[in-house]
Amino acid sequence: KTRAGLENTLIIFTGDNGMAFPSGKGNLHDPGLNVPLIAWWPGVIQPASESRVLISGEDIAPTCLEAVGLKVPSRISGKSFLPLLRGQPFEARTHIFAERGPHGSATFNENVSAAGVDYSRAVRSDRYKLIYNVTPSHRYSPVDSAGDPGWKDIVKAHEEKQLASEFETLWFTSPRAVYELYDLENDPGELRNLAGQADMKEIEQQLKEALQEKMILDFDYLPLPIAGEPKKKSGGEKKPDNSSTPRARQFEQKDLNHDQQLSYEEFAAKRNPAEAQAWFKARDSDQNNSLSREEFVTDKVANPPNLKK
């Protein structure tokens, strides 16, 4: 107020986590991620205006830098929402990301609950959310509220088999699901895990790809959500994948009887006879009077013919 005057000051009020309730604080469900965000800037922000676009905590720093006319360093991963505050056209985020790790001074061991250590990551679009649990064997326990009467009543209902099935699945399944996928429009309480369902395969894959890209850019130390191809035990040089090259497609066109071999007649069709004969002989490395896919596709021919035009 003294240095710049409140009429020339942007004030942002926000929170660090959700309420300390089950699925709240320390949890990657919306009650744990959704925090207040209030901005006040006289003469710039329209009073009583509101928005439900996706904003991440990492977006506040670049927004403030741009507000005072400073260039945002490229190393900052956040996205400025200054145009949104000014009522200007704004390209909102497609996804926001969240993570969990150790809480407080908790250490990783076989007896720790998810309240203490829970290595997990999440990606959320406007409608869908994917949670990736890397330590699903850690039993669920709410952060900073396990001793509250509400959670004690929930545990009692569980022990007496009186708890609704969706809450049994959410809080007492052990091990927990590695992937959780929720349709936030139809299931805002995040009680129906859609991961693995055939009709959600494309959406699940898109979210995994977005999360994987973010984890790579952030040098995340956890295993990536999309597993790589398993390594083959057999030794030797790995052969290149030529299945989608132009020559591979040409092989499919020439292989009229689909026996995965080209006879000389198939190979020579629509070619100069002398050229076809020379190249057929050169590519027929095992001299069995036919060309396999590998022989036809390879660009390494031991003795290529030197044909004069």
Side-chain angles (χ1 to χ4, degrees), residues 74 91 93-95 97 121 123-130 132 134 177-183 193-220 222-309:
S74 59
E91 184 178 351
R93 280 175 169 271
T94 305
H95 303 101
F97 303 89
R121 303 291 186 257
V123 53
R124 188 196 195 282
S125 68
D126 187 57
R127 177 170 177 177
Y128 298 101
K129 178 193 287 180
L130 176 79
Y132 172 41
V134 182
V178 175
Y179 301 110
E180 300 175 52
L181 176 63
Y182 298 105
D183 180 346
N193 184 5
L194 305 178
Q197 293 191 8
D199 58 340
M200 300 298 292
K201 182 177 180 180
E202 183 176 348
I203 292 171
E204 183 174 347
Q205 181 65 21
Q206 290 172 353
L207 292 174
K208 284 182 179 179
E209 290 175 357
L211 180 59
Q212 179 137 318
E213 180 182 17
K214 176 65 172 174
M215 291 176 68
I216 292 172
L217 291 174
D218 286 354
F219 298 98
D220 203 319
L222 294 183
L224 296 173
I226 302 176
E229 292 294 328
K231 294 183 179 179
K232 296 182 179 179
K233 293 183 179 180
S234 59
E237 183 180 354
K238 182 179 179 181
K239 295 182 179 180
D241 180 12
N242 296 317
S243 60
S244 61
T245 64
R247 286 198 64 83
R249 293 192 291 270
Q250 189 178 11
F251 179 88
E252 295 294 338
Q253 294 171 355
K254 286 181 171 293
D255 184 20
L256 299 179
N257 60 0
H258 306 293
D259 63 351
Q260 296 301 302
Q261 299 284 332
L262 293 186
S263 65
Y264 174 74
E265 289 73 17
E266 290 174 321
F267 176 81
K270 300 180 181 180
R271 296 188 64 167
N272 177 281
E275 179 187 82
Q277 186 175 15
W279 275 106
F280 186 86
K281 182 178 180 180
R283 287 188 174 276
D284 186 15
S285 58
D286 57 6
Q287 298 182 353
N288 67 345
N289 294 319
S290 66
L291 298 183
S292 67
R293 174 187 290 270
E294 290 73 20
E295 289 174 327
F296 182 83
V297 169
T298 184
D299 56 0
K300 297 179 181 178
V301 179
N303 296 298
N306 184 17
L307 299 175
K308 296 181 180 181
K309 294 184 179 180

* **Glu295 (side chain) donor-acceptor with Ser292 (main chain) under 3.5 angstrom** => yes

* Sequence-distant partners of Val178, side chain to side chain contact (heavy atoms under 4.5 Å, CB included), two or more places apart -> Tyr132, Pro136

* **Reported CZ-to-OG distance for the pair Phe280 and Ser263, which is rounded to 0.5 angstrom** => 7.0 Å

* Side-chain heavy atoms of Pro305 within contact of Gln277, under 4.5 Å -> no

* Do Arg121 and Phe97 meet the cation-pi criteria used here (NZ or CZ under 6.0 Å from the six-membered ring centre, within 45° of the axis)? -> no

* Using the salt bridge (Lys or Arg N to Asp or Glu O under 4.0 Å) rule, collect all pairs that involve residues 256-272, keeping only residues at least two apart or in two chains. => Arg271-Glu275

* To do: Drop me the distance from Asp126's CG to His95's NE2, to the nearest 0.5 angstrom.
  => 10.5 Å

* Could you tell me which residues satisfy side chain to side chain donor-acceptor pair (under 3.5 Å) with Ser125, sequence neighbours excluded, listed by chain and number? => none

* Asked: Among all residues two or more places apart in sequence or in another chain, which pass the side chain to side chain donor-acceptor pair (under 3.5 Å) test with Gln205?
  -> Glu209

* Structure fact -> Sorted by chain and number, sequence neighbours left out, side chain to side chain contact (heavy atoms under 4.5 Å, CB included) with Glu213 holds for Leu217

* Residues forming a side chain to side chain donor-acceptor pair (under 3.5 Å) with Glu204, sequence neighbours excluded -> Lys208

* Applying ring-ring contact (aromatic ring centres under 6.0 Å, His included), which residue pairs with at least one partner in residues 199-220 are found, sequence neighbours left out? -> none

* To do: Please collect all salt bridge (Lys or Arg N to Asp or Glu O under 4.0 Å) contacts where either partner lies in residues 279-289, sequence neighbours excluded, each pair once.
  => none

* Who are the side chain to side chain contact (heavy atoms under 4.5 Å, CB included) partners of Ile216, not counting sequence neighbours? -> Gln212, Leu224

* Asked: Between atom CG of Leu256 and atom CG of Leu262, what is the distance when rounded to the nearest 0.5 Å?
  -> 8.5 Å

* Which distance, rounded to the nearest 0.5 Å, do you find between the CG of Leu181 and the NZ of Lys129? -> 11.0 Å

* For Tyr128, check ring-ring contact (aromatic ring centres under 6.0 Å, His included) against everything at least two apart and list the hits. => none

* Asked: Residues two or more places apart in sequence or in another chain: which of them pass side chain to side chain contact (heavy atoms under 4.5 Å, CB included) with Asp218?
  -> Lys214

* To do: Apply side chain to side chain donor-acceptor pair (under 3.5 Å) to Tyr182 and list each qualifying residue two or more places apart in sequence or on a separate chain.
  => Glu180

